[in-house]
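Structure, as structure tokens:
Atoms within each ligand, like the ligands themselves, are counted from 1 in listed order. Position 1 is the first residue of the sequence, and the numbers go up from there.
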Amino acid sequence: MVILEAKNIVKRFGGVTALSDGNIVCREGKITGLLGTNGSGKSTISKIITGVYLPDSGTITYYGQQVSFRNPIEAKKAGIIMAFQNLSLIPDLTVWQNVVLSFEKTKKGFLDNQSAKKITKELIDSFVEGFDIERKVVQLNSSEKQIVEIVKAISEEPKLLILDEPTAALEQAQAQALFKYMKKLAAQGTSIIFTSHRMNEIMEVCDDIVVFNNGHNVGSVDFEVDGRNQKEIVKMITGDIHTEDISHTRTENTKDIQLEIKNLQYENILHDIQFSVKKGEVLGIGGLQGQGQTELMLALAGNYKTLQAEVHLNKEKIRLNTPANTIRKGIFLVPGDRQTEGLMMKESIYHNMLMPKFALKRQPFFIPEKKYRKECEEIVKLLSIKTDSIDTKADNLSGGNQQKIVVGKWLPFDIKVLLLSDPAKGVDIGAKRDMYQFILKLAREKDISVILYASDNDELVRYCDNVLIMYEGSIVKRLSGDAINNVNITAASLNLTKEEEVEKDECKEH
Ligand SMILES: Nc1ncnc2c1ncn2[C@@H]1O[C@H](COP(=O)(O)OP(=O)(O)OP(=O)(O)O)[C@@H](O)[C@H]1O
């Protein structure tokens, strides 16, 4: 049974048309994948359904009635709930207090604290064990916050649940737990709209999909009727015939070592880290989230004054004690969190791209405006950043397009070692392929060493020459060649070093 149908939705923001003809149908107890390139209108249609934005035109029919929610509270009352991508929790309240806030608007209103804690605990336990619900949200890392956000939405017992890229901040095991929960909810009759840029997740959990491009639908597939053809879906999303990824061939790298790290130690966080990376090599860093990967990237970029390490860059002994020092030596960090570290949200794309130049170099008296604007336009084109002008504010771009600026602004520099901290989070499948293709080319042609921390194992498998797995602040495994596969990465991430564990899992896969 169709419970919601959004038809011919149009939404403009000033001169930008976010949706020119948005359509989606949600059926009772079905999980609908909402797919499309960055900036294609997925978040906008989700926000229109939940009353965050009013459409300029078009209709929404919900249980046979035409509706027009003026705000999220009205949508909530009707049973439509969205777990937001950029988190809407109150930092100074505890986990259970955040969850309980939503109870007041549902039939569970006026619960006593003990019952509220019990409900919160039961829900959270189905995602992760040992989660302390008395902790304040401000103390949580991004994956924990995302779990609370989802649990808060689920606790409201929605009829239609909208999950906008929930897995971008989750570890694989947590994502699996979420899928299990989504299937359980669907079996109980809840409809779900699920947005993700990861094809394997879509194939695993969805019953049907709808694909957006440039503000309108370009296709839909009902898996039960049409089957699951991943290639066709990728083609629909990217709109091109190059559905194959550039799964790069790992050839033996006979070049010199560029960076060598020995005895790296940082407080109680990073322990006895040793590795080297050659010119032109892409070295992956993997593991469950929060095992020291981000800190290792920050350490290599010179952010820790008290860091201890023996470091050689092209055989020259260097120190990693300040960011200015590492940048001067040609070591650049592209940070992971676009909203807090990577971008000035109120500034234009051009100014965001310009800023690193001032931070790093003595500039000529007159800015070569024409040259820099051209360079900026080239990067916008290269990374397919969806905008009508480089003067658009970062704030007004979709999440994935913001992330591309974070990466793009460092590309014109003279780099020896490029540190990428989860650069493709939230970037769509076509743009991700283009971005990595460019980075691999950059590495090979300019002899740049790339150190890539990716939370998505698939990126490590596809793009890295060697992979280091971190566990509790140490490197527990180095994988090379054919050993770089999902099974080995997962086993090493859990610190299952015994060969038989790996073999056992391998058997299960086949
Ligand atoms: N508040 C806003 N002001 C101006 N433009 C906006 C605003 N919100 C969205 N847009 C524009 O509308 C278009 C659609 O954005 P939307 O966030 O819906 O894309 P998306 O498909 O969710 O992308 P992503 O996968 O990157 O999250 C983009 O071009 C974006 O720049």
Side-chain angles (χ1 to χ4, degrees), residues 6 9-24 32-56 58 72 82-87 146 162-169 193-199 201-202 209-219 233-234 236-239 337-339 342-343 345-350 352 380-381 383-408 422-435 456:
I9 304 289
V10 175
K11 179 71 190 171
R12 294 186 195 90
F13 295 100
V16 180
T17 303
L19 288 171
S20 56
D21 184 13
N23 296 275
I24 189 167
T32 300
L34 178 52
L35 314 184
T37 51
N38 294 127
S40 57
K42 303 181 297 296
S43 297
T44 304
I45 199 155
S46 301
K47 286 178 182 165
I48 285 174
I49 294 171
T50 39
V52 176
Y53 298 140
L54 281 175
D56 296 334
M82 177 162 170
F84 285 92
Q85 192 182 359
N86 42 7
L87 313 141
Q146 181 68 71
I162 304 183
L163 298 169
D164 189 7
E165 277 192 72
T167 54
I193 297 178
F194 173 64
T195 302
S196 169
H197 290 293
R198 299 175 181 169
M199 281 311 294
E201 297 181 348
I202 296 291
I209 56 145
V210 49
V211 182
F212 274 45
N213 192 351
N214 234 346
H216 64 271
N217 302 61
V218 287
I233 297 171
V234 174
M236 261 186 228
I237 297 171
T238 57
D337 189 340
R338 59 182 174 250
Q339 303 222 345
L343 277 187
M345 302 299 283
K346 300 285 171 210
E347 296 292 333
S348 68
I349 299 175
Y350 174 58
N352 267 287
V380 163
K381 195 161 159 226
L383 298 179
S384 345
I385 296 173
K386 191 186 172 235
T387 177
D388 49 1
S389 153
I390 58 171
D391 297 313
T392 302
K393 284 188 183 151
D395 227 358
N396 289 342
L397 297 176
S398 73
N401 280 305
Q402 289 168 355
Q403 182 63 20
K404 290 185 216 169
I405 304 175
V406 174
V407 178
D422 224 0
K425 212 186 227 176
V427 171
D428 73 58
I429 188 163
K432 188 188 287 191
R433 179 193 62 199
D434 293 349
M435 181 193 292
D456 184 354

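- Panel note: side chain Asp395, backbone Lys346; no donor-acceptor pair is recorded below 3.5 Å.
- At least one heavy atom of Leu397 sits under 4.0 Å from some atom of ligand 1.
- Short contacts between ligand 1 and Gly400, defined as distances under 4.0 Å to a heavy atom of the residue, involve ligand atoms 24 (P), 26 (O).
- Which parts of ligand 1 touch Thr44 is read off a 4.0 Å heavy-atom cut-off, strictly below it: atoms 14 (C), 15 (O), 16 (P), 18 (O).
- To the nearest 0.5 angstrom, Ile233 atom CD1 is 4.0 Å from Ile209 atom CD1.
- The shortest non-hydrogen separation linking Ser348 to Asp391 is CB-O, 3.4 Å.
- The minimum heavy-atom distance linking Ser196 with Glu165 is given by the pair CA-CG, 4.4 Å.
- Considering only non-hydrogen atoms, atom 11 (C) of ligand 1 lies nearest to Asn396 out of Asn396, Leu35, Asn401.
- Ion pairing between Lys42 and Asp164 fails under the 4.0 Å rule for side-chain N and carboxylate O.
- The shortest N/O to N/O separation between Gly41 and ligand 1 falls below 3.5 Å.
- When only interatomic distances are considered, the shortest N/O to N/O separation between Gly39 and ligand 1 falls below 3.5 Å.
- For the residue pair Asp388 and Val16, the shortest heavy atom distance occurs at OD2-CG2, 4.5 Å.
- Taking every non-hydrogen atom of Lys386 and a distance limit under 4.0 Å, the qualifying atoms of ligand 1 come out as 29 (O).
- At a 3.5 angstrom cut-off on N or O pairs, Gly36 does not count as close to ligand 1.
- In this structure, His197 counts as a contact residue of ligand 1, since one of its heavy atoms falls inside 4.0 Å of the ligand.
- Under the 4.0 angstrom criterion for non-hydrogen atoms, Thr37 is in contact with ligand 1.
- In this structure, Thr387 and Asn401 have side chains that are not in contact, with every pair of non-hydrogen atoms separated by 4.5 Å or more.
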